[in-house]
Amino acid sequence: MSQQQEQVPAGESMMTPDAIGLLTADHRKAKSLFDEYEGLKSSGSPEEKFEIARQVCGELLIHMAVEEAIFYPAVRQHIRDDDLVNEAEAEHEGAKELIRQLGDIKPDDPIFDAKITVLTEQIDHHVQEEELTMFPKILLSGIDISALGKELRTAKNDMRTRLGLPPE
Ligand SMILES: [Fe+2]
Ligand SMILES: [Fe+2]
């Protein structure tokens, strides 16, 4: 059952970021977690590494799910560049496969660090494509990015609630 109400207080609705702001904030959050993991590589404990990996993988899975369900279909409809969205979805599949593989590796295995490094590089590339190519195109398309931001935030918070995470 959704906890979202039809009417939100004016102050709260003004604070809802638009779609580009929300997705960009997610990208920065993932980057800062990847940076944190990088700092743990040489001397962090397996438990510390696992905790950061768990957080970044969870955030990425939620982010990718709402992009695929809400943002990419809107991009397809408004900018008519299927190649761009097909490539983005293929990159998501690659990232999800790496995340699946991480689930089978213990964090004290050097392969765990290697997989996180590859995931960091792949996400870095993917984020650049979105921020430098896809987002400018969507901004020029005239789509209502404010309404799209509200949809994304509702979907993210529904997922977070289902996963037992606090809403944003
Ligand atoms: Fe993204
Ligand atoms: Fe993406």
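Side chains included, hydrogens not; waters and symmetry mates left out as well; all remaining heavy atoms used. When a ligand or atom number is given, it counts from 1 through the structure's own listing order.
Under 2.8 Å from the Fe ion (ligand 2) lies no N/O/S atom of Met64, from backbone or side chain alike. With a cut-off of 2.8 Å, the Fe ion (ligand 1) has an N, O or S atom of His27 in range. The Fe ion (ligand 1) lies under 2.8 Å from an N, O or S atom belonging to Glu130.
The angle Tyr72:OH - the Fe ion (ligand 2) - His92:NE2 amounts to 80°, with values rounded to 10 degrees. One finds an angle of 80° at the Fe ion (ligand 1) between OE2 on Glu67 and NE2 on His63, to the nearest 10 degrees.
A salt bridge between Glu168 and Arg160 is present, with a side-chain N of the basic residue lying under 4.0 Å from a carboxylate O of the acidic one. Note on Lys150 versus Asp18: no salt bridge recorded, every NZ/NE/NH1/NH2 to OD/OE distance being 4.0 Å or above.
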Practice task
Could you give me the CA-CA distance, side-chain angles and deciding distance for Phe135 and Phe71, then say whether ring-ring contact (aromatic ring centres under 6.0 Å, His included) is met?
Solution key: CA-CA 11 Å; Phe135 292 179; Phe71 187 66; 5.7 Å; yes

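Classification of the Tyr72-His92 ring pair by plane angle, with boundaries at 30° and 60°, yields tilted.
The backbone N or O of Ile105 sits nowhere less than 3.5 Å from a side-chain atom of Asp109 that would complete a donor-acceptor pair.
When the Fe ion (ligand 2) is compared with the N/O/S atoms of His126, atom NE2 turns out nearest.
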